[in-house]
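Right, one structure below, let's go through it.
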Amino acid sequence: MNTAETSSPRQVPLAEYGQRRQRLIEQMAPESIAIVSAAPERTRSRDTDYPYRQDSDFYYLTGFGEPDAVLALIPGREHGQAVLFCRERDPQKELWDGFLAGPEGAVADYAMDDAFPIADIDDILPGLIEGRSRVYYSIGRDAGFDARVMEWVNTLRSKVRSGAKPPGEFVALEHSLHDMRLYKSAAELKVMERAAAITAEAHCRAMTRSAPGLREYQLEAELHYTFMDHGARHPAYSTIVGGGANGCVLHYIDNQAVLQDGDLVLIDAGCELEGYAADITRTFPVNGRFTAPQKALYDVVLAANLAAIAAVKPENHWNRPHEAAVEVLSQGLLDLGLLKGTLEEVIEQSLYRPFFMHRTGHWLGLDVHDVGDYKVGGAWRVLEPGMVLTIEPGLYIPPHDQSVEPHWRGLGIRIEDDVVVTRDGCRVLTGGVPKDTAEIEALMAHEHS
Ligand code: GLY
Ligand code: MN
Ligand code: MN
């Protein structure tokens with residue numbers, strides 16, 4: 001099953017991390033310092049941790065995967081602007097827990113200008129903050145780290161009578177950094193394309209393995225097999241496999257029910273590759289054949305998906321794809337008799353909301369719900385080349401809704417693709433898994449024969 005290219009680590013070149021740090025430094029005030037912390041390790045149970053996941057902001061600026069590290073960016077510092085604090089090398093510890101880069105490796109292999117042992121940070125960092133009037137950091141994201149920053153600053157405050165100059169201003173780092181993260185580079189897009197291709201292959205595998213009587217988690221296993229087989233060791237978020245009415249539960253992750261003959265199954269799953277997320281949803285018949293009502297409702301969602309994708313282009317604003325999806329879904333609900341009234345009434349009074357209650361997408365990148373403002377100065381953000389977003393309209397008919405005919409009840413359908421804005425429109429990254437009903441049936445029939 002190796003149709004997607006085999007993954008190798010580090011698609012994003014080392015130099016790019018340095019360029020990102022430089023770009024951020026250029027946006028900072030001259031007499032300032034930025035402090036970015038690695039993610040903490042988190043206990044799952046007693047002696048066992050959750051798989052470690054680096055903080056996305058920290059990783060974006062360093063490519064450094066170890067916990068217990070802090071990056072300081074110091075514009076104009078004579079001995080180097082990019083300083084990393086990290087664990088020291090320790091043969092005894094490395095024998096148990098694996099390789100550590102150490103401060104030497106941070107300079108040699110991660111192109112830091114300077115590096116120190118994390119154990120010395122309380123002695124060294126206040127001296128680096130001294131004389132800097134402004135501190136950029138992610139205020140309020142981690143109470144423990146907030147307290148440490150204040151401790152470093154208070155160390156300086158306690159020395160004002162000896163002439164120390166503590167900073168007077170704290171500024172959220174996110175504004176500049178998250179705007180940078182919103183525009184993906186060519187190297188990032190390459191990784192995201194691969195994450196999307198692996199994820200598409202995984203969804204194809206789930207389609208071909210589907211059969212009545214399986215448990216939902218057995219399809220989850222098929223997806224995760226393909227992720228891992230290609231070196232994407234973790235899903236980017238908890239995999240959703242919802243058979244029948246479970247597809248109407250937006251964040252269904254129980255995944256234990258038996259898949260029933262005649263039901264649809266909704267799968268929302270994406271792998272994480274080199275930190276980057278893919279995010280695909282497909283909905284297909286457990287037994288490989290759509291019933292007439294399933295196909296009718298599915299085709300409305302598909303038309304909404306296609307209309308929204310057609311609205312992804314530079315100069316359109318963020319909300320245009322959502323508006324396009326709402327219009328198609330609303331018209332479809334009217335045509336199928338699930339709603340009554342005029343298209344205008346349905347849209348203006350949001351009468352579609354009992355059946356479509358979420359947005360049509362979100363930014364996608366190092367985080368599945370990626371960073372970046374959706375509005376600028378109170379207005380929807382205009383789409384620009386390099387932005388990556390999802391398009392994910394859906395319709396969910398509550399299983400006990402007496403106001404609709406019985407054959408609609410409990411149908412939950414979402415079709416989600418990942419797209420990158422290009423100069424003249426957009427490119428769909430997730431075309432490797434079919435979404436047309438005939439193509440889905442053909443893929444499933446082929447494998448079942
Ligand atoms: N899988 C999360 C989402 O679709 O937003
Ligand atoms: Mn999703
Ligand atoms: Mn999504």
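Both counts, for ligands and for their atoms, begin at 1 and track the order of listing. FYI, the numbering just counts along the sequence from 1. Atoms considered below: every heavy atom in the structure, side chains included; atoms not considered: hydrogens, waters and symmetry mates.
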- Message: As an exercise, identify every atom of ligand 1 less than 4.0 angstrom from a heavy atom of His369.
- Response: 2 (C), 3 (C), 5 (O)

- Note on the structure: Numbered in order shown, the ligand 1 atoms found under 4.0 Å of a heavy atom of Glu416 are 4 (O)

- Message: I'd like to know whether CZ of Arg141 has more than 12 heavy-atom contacts from other residues, nucleotides or ligands below 6.0 angstrom.
- Response: yes

- Query: Near His362, which atoms of ligand 1 are under 4.0 Å from a heavy atom of that residue?
  - Reply: 3 (C), 4 (O), 5 (O)

- Note: Glu441-Lys295 ion pair, threshold 4.0 Å (strictly below): no

- Closer than 2.8 Å to the Mn ion (ligand 3), do we get an N, O or S atom from His369, backbone or side chain? no

- Message: Checking contacts here: is it the side chain or the backbone of Thr390 that comes within 4.0 Å of ligand 1, counting heavy atoms only? Could be both or neither.
- Response: neither

- Message: Between the Mn ion (ligand 3) and Glu392, which N, O or S atom of the residue is the nearest one?
- Response: OE2

- Would you call Arg87 and Asp97 a salt bridge, using N to O less than 4.0 angstrom? no

- Separation between CG (Asn246) and CD (Glu216), nearest 0.5 Å, reads 5.0 Å

- What's the spacing between Ile309 CD1 and Ile391 CD1 if we round to 0.5 Å? 6.0 Å

- Task: Would you check, one step at a time, whether the test ring pair (Phe, Tyr, Trp, His ring centres under 6.0 Å) holds for Tyr237 with His251?
- Result: CA-CA 11 Å; Tyr237 54 91; His251 295 153; 9.7 Å; no

- Just how far is it from atom CZ of Arg381 to atom CG of Leu182, taken to the nearest 0.5 Å? 5.0 Å

- Task: Report the angle formed at the Mn ion (ligand 2) by atom OD2 of Asp268 and atom OD1 of Asp279, rounding to the nearest 10°.
- Result: 150°

- Note on the structure: ligand 1 atoms nearer than 4.0 angstrom to some heavy atom of Tyr237 are 1 (N)

- Query: Of the non-hydrogen atoms in Pro13 and Ala187, which two are nearest, and what is the gap between them?
  - Reply: CD-CB, 3.9 Å

- When distances are taken from atom 3 (C) of ligand 1, the protein heavy atom at minimum range is Asp279 OD2, 3.4 Å

- Query: Does an N or O from Arg414, backbone or side chain, lie closer than 3.5 Å to an N or O of ligand 1?
  - Reply: no

- Message: With carbon and hydrogen excluded and only N/O/S kept, which atom of Glu416 is nearest the Mn ion (ligand 3)?
- Response: OE2

- Message: Tell me whether ligand 1 is touched by Val368 - counting only heavy atoms on the residue side and a distance under 4.0 Å.
- Response: no

